[in-house]
Number of protein chains: 2
Amino acid sequence: MQAASQVPPGPTAASAARTISRPGRTGPRAAGGPRRGRPPGTSARELELISLRLFTENGFEETTVERIAAAAGVSRRTFFRYFDTKADVLWQAFDGEVQRLREAFAAVPPGVPLMDAIRQVVVGANRYRAEDVPELRTRMNLIGSVPALQASAAHHYDAWERAVSEFAAARLGQVADSLYPLAIGRATLAVCRAAYDRWLDRADADLTVYLDQALRALAAGFAGDAGRSIPARTS
Amino acid sequence: MQAASQVPPGPTAASAARTISRPGRTGPRAAGGPRRGRPPGTSARELELISLRLFTENGFEETTVERIAAAAGVSRRTFFRYFDTKADVLWQAFDGEVQRLREAFAAVPPGVPLMDAIRQVVVGANRYRAEDVPELRTRMNLIGSVPALQASAAHHYDAWERAVSEFAAARLGQVADSLYPLAIGRATLAVCRAAYDRWLDRADADLTVYLDQALRALAAGFAGDAGRSIPARTS
DNA sequence: ACGTTAATCGTCACGCAGTGACGTAATCAA
DNA sequence: TTGATTACGTCACTGCGTGACGATTAACGT
């Protein structure tokens with residue numbers, strides 16, 4: 001289930017990666033060489049910024065797609081050519097992180113222990129420039145507080161978890177949908193979400209510190225001194 | 001976020017439990033003493049069985065609420081008096097498990113180590129009678145394969161995770177939305193979902209074995225011999 | 001016996017998300 | 001200029017979820 005049902009005639013679980021290889025489904029013409037037909041009248045990024053503003057000002061449920069499209073100067077139908085659902089507009093950055101995650105995993109030297117590698121890669125993928133933090137906070141605050149957005153999360157988390165699971169599977173010599181790789185991928189995301197939630201509550205906190213702490217606790221089986229003993233920075 | 005946003009003026013995190021104390025929101029009159037007004041024309045359980053049958057026969061998306069209501073002999077509006085959404089009809093049993101989980105946690109002796117207690121309670125809450133297994137499989141197969149149902153999962157998982165988090169918090173002397181309790185609650189569910197997925201793939205498997213194995217791996221920080229060495233039964 | 005109260009239900013109407021079909025506008029290539 | 005390509009707008013439609021209102025059915029009080 002999960003990976004199996006989404007790869008209809010796929011040979012093994014190795015082809016699951018290719019299912020994800022639809023990176024820029026972000027509407028008409030993400031970018032690329034010399035265009036051909038009519039140029040796009042907007043962009044996924046513009047729609048994202050407009051949506052983010054309207055959502056924070058008036059709420060997610062209260063903001064209709066009609067209004068977002070109008071603010072962008074396009075039609076309602078066009079919005080749905082850029083995003084499959086109203087909620088997807090806030091998951092662009094997250095989906096992009098999955099790709100960075102995979103590349104970072106591929107660059108890990110073979111000697112590093114499994115859980116150490118996962119921790120370093122995940123923490124490294126979550127180092128944001130200071131000027132990008134406010135938007136990140138706004139987006140994550142919405143996702144954490146609006147039920148409809150929490151519901152939409154499952155679909156996007158799936159690819160993230162699978163990236164971790166496939167790395168663990170390769171290390172353990174198993175397929176990605178075995179019990180251990182599957183558990184590792186999902187548990188990794190689980191503790192990272194906990195770290196994110198803590199970070200959102202503290203106005204002046206470093207996200208990577210929370211992530212590092214949570215991932216160390218996971219690798220220790222939550223058997224440490226119950227946290228509270230973090231030596232500044234390590235990863 | 002999460003617990004904080006759902007307990008508006010609550011004193012501390014202790015009142016979060018009372019937020020969950022809406023166990024039988026399952027429509028009109030779950031049960032109770034001598035009724036008063038007009039007796040219900042159906043029940044949540046009946047709607048669940050009818051929905052389960054129609055979903056497996058014709059698919060979740062293809063089955064309209066209109067059809068479910070008609071098969072039950074009620075109106076479409078009445079269905080939504082029993083369930084908030086079309087998907088919620090499949091989450092009754094899961095929501096009930098949360099209550100059993102809380103009671104089992106309360107009965108754990110103080111001496112048992114934290115992760116051992118969690119494993120025993122969770123495994124114990126998942127011992128089903130043989131005659132209940134087919135329906136459980138059907139329901140979990142649907143939840144695992146239909147995107148709309150996966151999306152609805154987040155809301156129901158929340159209460160389950162919180163039950164674990166609050167137990168962990170009490171043991172660690174922290175509040176439930178601290179980093180460690182939060183991470184433990186979510187990671188526990190994460191590995192249990194992995195166990196469930198593996199169980200669904202194997203036709204003749206024992207769910208509790210997978211759960212026990214996954215939870216032992218979690219408590220060991222995934223540092224064991226990568227599984228495959230389970231001594232029959234332990235919990 | 002009769003009215004009161006309480007609980008469930010059905011009908012109607014509405015807003016909004018998401019989808020398919022079809023025609024139109026703008027660009028590049030030959 | 002002609003054709004191919006890409007993006008867009010309009011229209012119509014299905015289905016979920018909600019609010020308002022009246023009708024139905026039973027227990028309770030006098």
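Nothing here was measured: the structure is a model prediction, and the numbers come from that model. A note on names: the letters A, B, ... follow the listed sequences, proteins ahead of strands, and every chain is numbered from 1.
When distances run from any side-chain atom of A:Thr64 to the nucleotides C:dC16, C:dT8, D:dT18, the shortest one goes to C:dC16. Of the listed nucleotides (D:dA12, D:dA26, D:dT18), D:dT18 has the atom at the smallest distance from the side chain of B:Arg76. For B:Pro28, whose side chain is taken as the heavy atoms from C-beta onward, the closest listed nucleotide among C:dT8, D:dC16, D:dT25 is C:dT8. For A:Tyr82, taking side-chain heavy atoms from C-beta onward, the closest of the listed nucleotides C:dT19, C:dT11, D:dC8 is D:dC8.
A:Phe79 places its CZ atom 12 Å from the P atom of C:dT19, with the value rounded to the nearest Å. Atom P of nucleotide C:dC16 and atom CZ of A:Phe80 are separated by 12 Å, given to the nearest angstrom. When the P atom of C:dT19 is taken as reference, atom NZ of A:Lys86 falls 15 Å away, rounded to whole Å. Distance CG (A:Asp88) to P (C:dT19): 10 Å, rounded to an integer number of Å. The separation between A:Glu61 atom CD and D:dC16 atom C1' is 13 Å, rounded to whole Å. Note: CZ (A:Phe83) to C1' (D:dA7) measures 16 Å, nearest angstrom.
For the pair B:Glu62 and A:Thr78, both in contact range of DNA chain D, the more 5′-proximal nearest nucleotide belongs to A:Thr78. Nearest-nucleotide positions on DNA chain C place A:Glu66 closer to the 5' end than the other of A:Glu66 and A:Arg77.
Taking 4.5 Å as the limit, every side-chain heavy atom of B:Trp199 sits out of range of all side-chain heavy atoms of B:Val209. The shortest side-chain heavy-atom distance between A:Trp91 and A:Arg139 does not fall under the 4.5 Å cut-off.
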**Q.** Base versus backbone protein contacts along nucleotides 1-6 of chain C [heavy-atom cut-off under 4.0 Å; B, S, -]
**A.** ----BB
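Side-chain atoms of B:His155 and B:Asp88 include no donor-acceptor pair closer than 3.5 Å. Under the 3.5 Å distance criterion, with hydrogens and angles disregarded, a donor-acceptor pair is assigned to the side chains of A:Tyr196 and A:Asn126. No side-chain N or O of A:Ser165 forms a donor-acceptor pair with one of A:Glu161 less than 3.5 Å apart.
A donor and an acceptor atom sit less than 3.5 Å apart, one in the side chain of B:Arg81 and one in the base of C:dG10.
Applying the side chain to side chain donor-acceptor pair (under 3.5 Å) rule to B:Tyr157 yields no partners; only residues at least two apart in sequence or on another chain are considered.
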Q: Give the intermediate values and the outcome of side chain to side chain contact (heavy atoms under 4.5 Å, CB included) for residues A:Val164 and A:Leu189.
A: CA-CA 9 Å; A:Val164 180; A:Leu189 177 68; over 6 Å; no
